[in-house]
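Excluded from the calculations below are hydrogen atoms, water molecules and symmetry mates; all remaining heavy atoms, backbone and side chain alike, are included. Chain letters run A, B, ... following the sequence lines, proteins first, then strands; residues in each count from 1.
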Amino acid sequence: MKNLLELDTLTIAKELLGYTFVHESVEGTAGGIIVETEAYLQGDPACHAYRRKSVRNAPMFGEAGTIYVYQIYGMHFCVNISTNKKDVGEAVLIRALQPTLGVELMQARRNTEEIKNLCSGPGKLVQALGIHKQMNNWHILDSDLKIISPSVQIVESEIVTTTRIGITQGADLPYRFYLKDNKFVSRKG
DNA sequence: CGTAAGATGAAG
DNA sequence: TTCATCTTACGG
């Protein structure tokens with residue numbers, strides 16, 4: 001994983017597919033297999049770090065592995081992992097997981113029994129894993145979050161590349177990746 | 001200062 | 001398809 005974080009952002013976004021993303025909290029362990037990601041790059045108008053470093057987007061400029069949690073639409077949160085060197089504002093958004101760990105806990109947090117509805121969206125997985133704003137700007141190696149490499153490596157033919165969800169700027173850029181035929185990816189796509 | 005848009009989700 | 005909900009960025 002130390003290795004993983006040294007790669008370029010688009011490669012990391014693809015590599016992350018198949019990794020297990022976990023949060024170990026006092027309530028218990030919860031997590032799943034990453035099945036959908038999006039990359040946000042320098043010079044990309046959809047990137048929160050497109051214009052200027054600010055209080056909000058500062059974690060994107062941190063060392064690779066810095067956690068970026070932000071609130072969206074006044075009610076949901078999304079989690080990113082900063083990539084590239086310090087002072088380069090790039091990151092990978094974790095968009096969906098296939099639930100594997102702490103399913104019961106995630107069902108309680110999400111208030112639904114439906115496995116398909118636990119982590120099939122960036123806001124959903126944040127809620128299911130109990131990720132909160134306090135983790136913003138921490139480094140993942142120094143946090144309760146973990147990313148664990150897959151036992152069987154994902155091959156290129158299993159990865160689908162498309163445009164990103166929910167953006168208006170840079171809408172034509174092919175920076176979204178998900179596992180082919182996986183039923184836990186977020187809806188519109 | 002005022003305000004519009006935003007990397008969404010749930011319900012109708 | 002609509003609406004809930006509120007912070008941040010940007011213009012005046």
Check your understanding: Can you check whether A/S82's main-chain N or O pairs, donor with acceptor, with A/N80's side chain at less than 3.5 Å?
Key ->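 Not at all, since once roles are kept as given, no pair shorter than 3.5 Å links the two residues.
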Practice item. Measure from the side-chain N and O atoms of A/Q107 to the backbone N and O of A/E113, and report whether any donor-acceptor pair falls under 3.5 Å. Key: yes
Please report the distance, rounded to the nearest Å, between [atom1] in [X] and [atom2] in [N].
X	N	atom1	atom2	value
A/R110	B/dT8	CZ	P	14 Å
A/I165	B/dG6	CD1	P	15 Å
A/N136	C/dT7	CG	C1'	13 Å
A/K124	B/dT8	NZ	C1'	9 Å
A/K133	C/dC6	NZ	P	14 Å
A/Q169	C/dC10	CD	C1'	14 Å
A/H48	C/dT7	NE2	C1'	11 Å
A/Y50	C/dC10	OH	P	11 Å

Quick check on [N]: is either OP1 or OP2 less than 4.0 Å from any side-chain nitrogen or oxygen of [X]?
X	N	result
A/S54	C/dA9	yes
A/R51	C/dC10	yes
A/R95	B/dG9	no

Check your understanding: Which nucleotide in the set B/dG6, B/dA10, C/dT8 lies at the smallest distance from any side-chain heavy atom of A/R56?
Key ->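 That would be C/dT8.
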**Study point:** Contiguous pairing runs of three or more, Watson-Crick or G-U under 3.5 Å, that involve DNA chain C
**Key:**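 Looking at DNA chain C, the stems formed by three or more consecutive pairs are B:1-6 with C:6-11, B:8-11 with C:1-4.
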**Study point:** Spatial distance of atom CG (A/L129) from atom CG (A/D144) [nearest 0.5 Å]
**Key:** 11.5 Å
Revision key, fill the gap. Under a 4.0 Å heavy-atom cutoff, the residues of residues 68-89 of chain A touching DNA chain C are A/Q71, A/Y73, A/G74, A/M75
**Study point:** Test side-chain hydrogen bond (donor to acceptor under 3.5 Å, both in side chains) applied to A/Q127 and A/R109, step by step
**Key:** CA-CA 7 Å; A/Q127 187 182 22; A/R109 281 170 172 160; over 6 Å; no
Review point. Does A/E104 CD have over 12 foreign heavy atoms under 6.0 Å away?
Key: no
Check your understanding: Under 6.0 Å from the CG atom of A/D172, do we count more than 12 heavy atoms belonging to anything else shown?
Key ->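 Check passes, neighbour count above 12.
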Practice item. Would you check, one step at a time, whether the test side-chain hydrogen bond (donor to acceptor under 3.5 Å, both in side chains) holds for A/T9 with A/T83? Key: CA-CA 6 Å; A/T9 304; A/T83 53; 2.7 Å; yes
Review point. Just one of A/N117, A/I33, A/I115 clears the side chain to side chain contact (heavy atoms under 4.5 Å, CB included) bar with A/P99, so which one?
Key: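 Going through the options one by one, the only one that passes is A/I115.
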Review point. Which atoms form the tightest heavy-atom contact between A/P45 and A/G43, and what is the distance?
Key: CD-O, 3.6 Å
